[in-house]
Amino acid sequence: MQYLSTRGKMAPARFRDILLEGLAPDGGLVVPSRYPRVDSLLAGWRGLSYAELALEVLSLYADDYERSELARLVGATYVPAVFGSEEITPSVQIEPGMHLLQLSHGPTLAFKDIAMQLLGSLFEAELDRRQEVLNILGATSGDTGSAAEVALRGRARMRVFMLSPLGRMSAFQRAQMYSLLDENIFNLAIEGSFDDCQDLVKAIGSDLAFKRRHRLGAVNSINWARIVAQVVYYFRGYFSVTKDESEVVDFCVPSGNFGNVLAGWIARQMGLPIGRLVVATNENDVLDEFFRSGRYRVRAGKETRVTSSPSMDISKASNFERFIFDMVDRDPQVLRELWWQIDTEGCFDLKDTPFWNAVAASGFVSGRSNHADRLATIRGQFERDGRVLDPHTADGVKVARELRREKVPMICLETALPAKFSETIREAIGREPDRPAAFVGIEDLPQRFEQLPADLARVREFVQTHAL
C-alpha cells in the first residue's frame, strides 16, 4: 500500500513512513493510493473478535508490518479490561429498526479511545524501533485531547502539546485533561475557538523546518492511522445488526471535524454494504449546508457558535479534504484550487460542477439539531427506556429519526458517555447522569495548564522551549 497527499506533491510512502506524521509535507492530508475491496471476505470476517477484525482491516493498510507484530499490538490494545466488554463496541437496539453502536466505554468515556489507544501502542513501538523521540502537537474540541493524553501519558519517548479552546469545553472535559500532571503532558488553553486551535496546529505543522527540527507528529484525525483504526467499528456495527451480507444498513454519525464519518465512507468504499451515511450537525451546520446545497463555507472564528454539544463546535472540518479529494476523482490540481478558494474567498461551491454528481452518488445525507432538539431527544429517550444519551449522540439520534428508511436498519454512533456533560443532562432530565466510580469528583482535582492567546509566535515558542 502506497500513500499520497491530497495536494499531489508528496512522494509515495508506506504506512510506517507516514505513521508519525501529521500533515503531508505539501500541506495536504495523507491518503491511501486505493481502498482495498473486501466484499468476498465479509462472510469470513463476521465471526471474528474485535481484535481479529482490526487485524484484518489494518493489515490491508499497514502491509509493511509483519503480521505477527501487528497482531501483537492490536491484541494488546483491544481487551475487555480497557473497553469494558468482550465485544469492545457492543450495539443495543434503542427502538425498532434503530441501534446504538456503543463506542464510549474506553478510559476517557469517548469514541476517540478506540483509535487513540491503538495509536499510542503503534507510536511507542515505532519510536523504539527507530530509537527516536516525538513531540505530539494537537488540537481538541473536548474529547480528542483527553483520549490522546491518556493513551500517551508517561511514555518516555513522547511529549504531548494539546491546544484546547479556553472556556468552551464542559467542566468534566477540562478536568480530564488539565488534571493530568504527567511530565510529558502540556495543556495549552487558547483564547479562542477550536478552529483557532486547529489553525495554529496546521500552521506549525506546515513549517517543515520547524516540524523536522522539533520532531513534531499528530494524533488528531489528520493522522491517517487514526482514521483507519476507526474504520474497524463500522464493520463490527454492521455484523452486529445483520444476519448475512445481503443486508444493507445506514449509519448516522454526529460530526464536526468529519473524521468519524469519513471512516464510514472508507468502509463503504471497501465494499461494506452501507446505504446511507447520515451526517448530523449541531448549530454549527457547515457540513449540513454543503450536503444540502453543494456550498462549503467555513465560518470565521466569531461565527462559530458555542453550543451544548461542544465537541461539534467546529466550522472547518479538516478531514473534509480527504472526502472532497475522492469527489474530484483524486485530482490534486482541482483539490488545490478548491482549497485556494477557501483561503481567499472562504468557500467553494460544487453544485454546478461535474463533481456534484459524485457527491449525490456518495450516499451522504445530512441533518441539523439545536439545543431544544437535543434536550427533547435526551428527555424522550430517558422517559422511554431509562437510557441517557450524551448531547452529541442525541444530535445523531434526532437526525437519524428524521432520515431513517423503512426496513433499513439505522445504526447511530455513540460519541461519549453523558457523565461528561452534566449541565445539559440536568437541564434535560432534572438529575445528574451516572458516572463511573473512577471519575467521581474529577472536577475537584488539581489542574495544570498554560493560558495563551491565539498567537502563532507564542505557541511556537512554548513548543520549542518544552519539546524533547
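Keep in mind it's a predicted model, so treat the numbers as computed, not measured. The chain is numbered in sequence order, starting from 1.
- For the pair R297 and E345, the salt-bridge criterion is not met [side-chain N within less than 4.0 Å of a carboxylate O].
- In the model, R46 has a side-chain atom that pairs as donor or acceptor with a side-chain atom of T242 under 3.5 Å.
- Residues F348 and W339 bring their aromatic ring centres within 6.0 Å.
- Look at D182 and R153 and you find a salt bridge, because one of the NZ, NE, NH1 or NH2 atoms lies within 4.0 Å of a carboxylate O, short of that distance.
- Using modelled atom types, one finds no donor on one side chain facing an acceptor on the other under 3.5 Å when comparing N370 with N282.
- Side-chain rings of F251 and Y234 approach one another, their centers coming within less than 6.0 Å.
- D143 pairs in a salt bridge (charged side-chain N to carboxylate O under 4.0 Å, His left out) with only one of the listed residues (K420, K112, R174), which is K420.
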I324 and F355: side-chain contact (heavy atoms from CB on, under 4.5 Å), yes or no, with the steps? CA-CA 9 Å; I324 294 297; F355 307 120; over 6 Å; no
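- To the nearest 0.5 angstrom, S309 atom OG is 3.5 Å from R374 atom CZ.
- In this structure a side-chain-to-backbone donor-acceptor pair under 3.5 Å is missing from R384 to R379.
- Between F364 and W265, the ring-plane angle classifies as tilted under the 30° and 60° cut-offs.
- With a 4.5 Å cut-off on side-chain heavy atoms, Q341 and C347 do not count as touching.
- With hydrogens and angles left out, the side-chain atoms of E56 and S59 include no donor and acceptor closer than 3.5 Å.
- Y61 and R34 make their closest contact through CE2-O, 4.2 Å (heavy atoms, listed as atom of the first residue, atom of the second, distance).
- A donor-acceptor contact shorter than 3.5 Å is absent between the side chain of N223 and the backbone of G22.
- Of all heavy-atom pairs between A125 and E69, the closest is CB-OE2, 4.5 Å.
- Residue Y296 is tested with F320, F258, F291 for a ring pair (Phe, Tyr, Trp, His ring centres under 6.0 Å); the sole match is F320.
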Test R368 against E289 for side-chain contact (heavy atoms from CB on, under 4.5 Å), laying out the working first. CA-CA 9 Å; R368 180 182 186 275; E289 180 182 357; over 6 Å; no
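- Checked against a 6.0 Å centroid threshold, the rings of F172 and F439 count as neighbours.
- Note on E402 versus K398: salt bridge recorded, some NZ/NE/NH1/NH2 to OD/OE distance being below 4.0 Å.
- In this structure, T393 contributes its side chain and T415 its backbone to a donor-acceptor pair below 3.5 Å.
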Please step through side-chain contact (heavy atoms from CB on, under 4.5 Å) for the pair V359 and F290, ending with a clear verdict. CA-CA 10 Å; V359 176; F290 172 79; 4.0 Å; yes
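- Residues Q117 and T77 bring no donor and acceptor atom of their side chains to less than 3.5 Å of each other.
- Counting only distance, with no hydrogens or angles, the side chain of D395 and the backbone of P254 share no donor-acceptor pair below 3.5 Å.
- For R268 (side chain) and L277 (main-chain N/O), no donor-acceptor pair under 3.5 Å exists by modelled atom type.
- The closest side-chain donor-acceptor pair between H371 and S308 falls under 3.5 angstrom.
- Side-chain N/O atoms of T6 and R322 include no donor and acceptor closer than 3.5 Å.
- At distances below 3.5 Å, at least one donor-acceptor pair connects side-chain atoms of H392 with backbone N or O atoms of S311.
- Residues I190 and P165 form no side-chain contact, since every pair of their non-hydrogen atoms from C-beta on lies 4.5 Å or further apart.
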Walk me through it: do W224 and F15 pass the test ring pair (Phe, Tyr, Trp, His ring centres under 6.0 Å)? CA-CA 9 Å; W224 168 255; F15 184 86; 8.2 Å; no
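- Salt bridge annotation for D39-R37: present, with a cationic side-chain nitrogen under 4.0 angstrom from a carboxylate oxygen.
- K316 pairs with exactly one of T304, D199, N257 by the side chain to side chain donor-acceptor pair (under 3.5 Å) rule, that one being D199.
- Closest of all the heavy-atom pairs between A54 and V74 is CB-CG1, 3.7 Å.
- Residues Q102 and V92 have side chains in contact (heavy-atom distance under 4.5 Å, counting atoms from C-beta outward).
- Counting only distance, with no hydrogens or angles, the side chain of D390 and the backbone of F421 share no donor-acceptor pair below 3.5 Å.
- Considering only heavy atoms from C-beta on, M169 comes within 4.5 Å of Y178 through its side chain.
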In sequence, state the C-alpha distance, the side-chain angles, and the governing distance for V241 and I411, and then conclude on side-chain contact (heavy atoms from CB on, under 4.5 Å). CA-CA 8 Å; V241 306; I411 303 174; 3.5 Å; yes
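- Counting only heavy atoms from C-beta outward, the side chains of E247 and P273 never approach each other to under 4.5 Å.
- Side-chain atoms of N187 come within 3.5 Å of backbone atoms of M177 as a donor-acceptor pair (strictly under, hydrogens ignored).
- Closest of all the heavy-atom pairs between N284 and D313 is ND2-OD1, 3.1 Å.
- Rounded to the nearest 0.5 angstrom, L389 CG and I94 CD1 are separated by 6.5 Å.
- Surrounding CG of D352 are at most 12 heavy atoms belonging to other residues, nucleotides or ligands under 6.0 Å away.
- By the 4.0 Å N-to-carboxylate-O rule, R305 lies too far from E283 to be salt-bridged with it.
- Relative to the six-membered ring of Y35, R330 meets both conditions, a distance below 6.0 Å and an angle of at most 45° to the axis.
- With respect to the salt-bridge test (charged N to carboxylate O, under 4.0 angstrom), the residues E414 and R387 do not qualify.
- Between E443 and R435, at least one side-chain nitrogen of the basic residue sits less than 4.0 Å from a carboxylate oxygen of the acidic one, meeting the salt-bridge criterion.
- The distance from the OG1 atom of T140 to the CG atom of L188 is 12.5 Å, given to the nearest 0.5 Å.
- Ion pairing of R236 with E87 is absent here, as no side-chain N (NZ or NE/NH1/NH2) approaches a carboxylate O to less than 4.0 Å.
- With respect to the salt-bridge test (charged N to carboxylate O, under 4.0 angstrom), the residues R405 and D250 qualify.
- D288 contributes no side-chain N or O that, together with a main-chain N or O of T281, makes up a donor-acceptor pair within less than 3.5 Å.
- Residue E423 qualifies as open at atom CD: its count of foreign heavy atoms under 6.0 Å is 12 or below.
- Taking a 6.0 Å sphere around CD of E86, one finds it holds 12 or fewer heavy atoms contributed by other residues, nucleotides or ligands.
- Within the model, atoms CD1 of I18 and CG of L29 stand 11.0 Å from one another, a figure rounded to the nearest 0.5 Å.
- A229 approaches Y50 most closely through the heavy-atom pair O-OH, 4.4 Å.
- The backbone N or O of I185 lies less than 3.5 Å from a partner atom in the side chain of R448, making a donor-acceptor pair.
- Here the side chains of V261 and L413 are not in contact, with every heavy-atom distance at 4.5 Å or above.
- Residues L70 and L55 are in side-chain contact: their nearest non-hydrogen atoms beyond the backbone lie under 4.5 Å apart.
- Results of the salt bridge (charged side-chain N to carboxylate O under 4.0 Å, His left out) test with R299 over D285, D196, D195 single out D285 as the only residue that passes.
- Taking the side chain as every heavy atom from C-beta outward, F323 and S362 approach each other to under 4.5 Å.
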